[in-house]
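These notes are about the structure you will find just below.
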Amino acid sequence: MTVSAPAGYDPARVLETIGAVLRPGEVPYPRPETVDQHIRVLKGYLESLAMYARAGMDELPEDSPERAPRRDALEHAEHVMQRSPGCGLRSATSHSRALARAAERLLPYAEKCQGRTWP
């Protein structure tokens with residue numbers, strides 16, 4: 001199965017966003033507009049990453065040991081994307097970090113589907 005890259009999916013940019021969200025800052029919480037932007041961008045990346053990871057999983061044999069961790073990462077990402085960021089900056093920041101960790105988990109599977117190797 002061949003999957004064409006959706007607009008905006010660039011592994012380097014995904015990693016850059018993940019790093020920006022998970023990197024400890026000088027202040028306890030980023031600005032609200034920054035958190036909102038991170039949430040929007042990460043949800044878009046997760047949708048693309050999930051598509052690739054799911055396509056790669058569909059190509060695996062049913063008894064492949066690679067299916068379970070990939071399925072778990074997909075289910076986790078879907079769960080995190082469905083959650084609300086909550087009320088307030090603290091919960092929204094926590095949500096953006098959960099989205100970043102979910103993207104971090106899915107990225108290797110998406111890259112494998114595209115024929116790239118993950119270091």
Side-chain angles (χ1 to χ4, degrees):
M1 171 183 215
T2 303
V3 179
S4 59
Y9 171 58
D10 175 9
R13 294 187 78 180
V14 174
L15 288 170
E16 179 182 322
T17 304
I18 291 169
V21 171
L22 296 180
R23 177 179 47 243
E26 296 175 12
V27 293
Y29 299 104
R31 298 182 54 81
E33 53 274 3
T34 301
V35 175
D36 288 341
Q37 180 184 10
H38 285 157
I39 289 171
R40 282 193 312 277
V41 168
L42 285 165
K43 282 186 174 186
Y45 286 151
L46 278 167
E47 288 175 8
S48 297
L49 294 171
M51 182 185 74
Y52 283 108
R54 193 171 292 106
M57 186 174 76
D58 291 344
E59 294 178 356
L60 292 172
E62 287 294 324
D63 60 346
S64 172
E66 290 183 42
R67 283 184 76 89
R70 189 178 298 220
R71 184 181 54 247
D72 290 345
L74 278 163
E75 289 174 358
H76 175 72
E78 289 168 357
H79 173 73
V80 171
M81 283 193 295
Q82 290 172 359
R83 285 191 350 223
S84 164
C87 297
L89 184 56
R90 183 177 184 174
S91 64
T93 301
S94 176
H95 183 63
S96 72
R97 290 176 180 156
L99 290 167
R101 286 188 295 275
E104 193 173 44
R105 265 180 89 181
L106 274 185
L107 186 59
Y109 299 119
E111 291 291 274
K112 283 181 183 178
C113 181
Q114 288 187 322
R116 297 186 179 112
T117 57
W118 187 253

Practice task
Flag yes if Met51 and Leu60 sit in one hydrophobic cluster, no otherwise; membership is Ile, Leu, Val, Met, Phe, Trp, Tyr, and two members link when side-chain heavy atoms are under 4.5 Å apart.
Solution key: no

Report yes if the side chains of [X] and [Y] come closer than 4.5 Å at any heavy-atom pair, otherwise no.
X	Y	result
Lys112	Glu66	yes
Glu104	Leu22	yes
Leu46	Lys43	no
Arg54	Glu78	yes
Tyr45	Arg13	yes

Problem - Short side-chain to backbone donor-acceptor contact, Arg83 and His95, under 3.5 Å - result: no

Practice task
Without swapping roles, check the side chain of Ser91 against the backbone of Gly88 for a donor-acceptor pair under 3.5 Å.
Solution key: yes

Measure the [atom1]-[atom2] distance between [X] and [Y] for me, rounded to the nearest 0.5 Å.
X	Y	atom1	atom2	answer
Leu99	Thr17	CG	OG1	11.5 Å
Ser96	Leu89	OG	CG	9.0 Å
Glu111	Leu49	CD	CG	8.0 Å

Exercise for the section: Test Arg90 against Tyr29 for side chain to side chain contact (heavy atoms under 4.5 Å, CB included), laying out the working first. Expected result: CA-CA 7 Å; Arg90 183 177 184 174; Tyr29 299 104; 3.3 Å; yes

Please report the closest heavy-atom contact between [X] and [Y], naming both atoms and the distance.
X	Y	answer
Ile39	Pro85	CD1-CB, 3.9 Å
Ala100	Val21	CB-CG1, 3.8 Å
Ala77	Ala102	CA-CB, 4.0 Å

Practice task
Step by step, work out the side chain to side chain contact (heavy atoms under 4.5 Å, CB included) result for His38 and Arg97.
Solution key: CA-CA 9 Å; His38 285 157; Arg97 290 176 180 156; over 6 Å; no

Problem - Full working for side chain to side chain contact (heavy atoms under 4.5 Å, CB included) between Asp72 and Arg105 - result: CA-CA 10 Å; Asp72 290 345; Arg105 265 180 89 181; 3.8 Å; yes

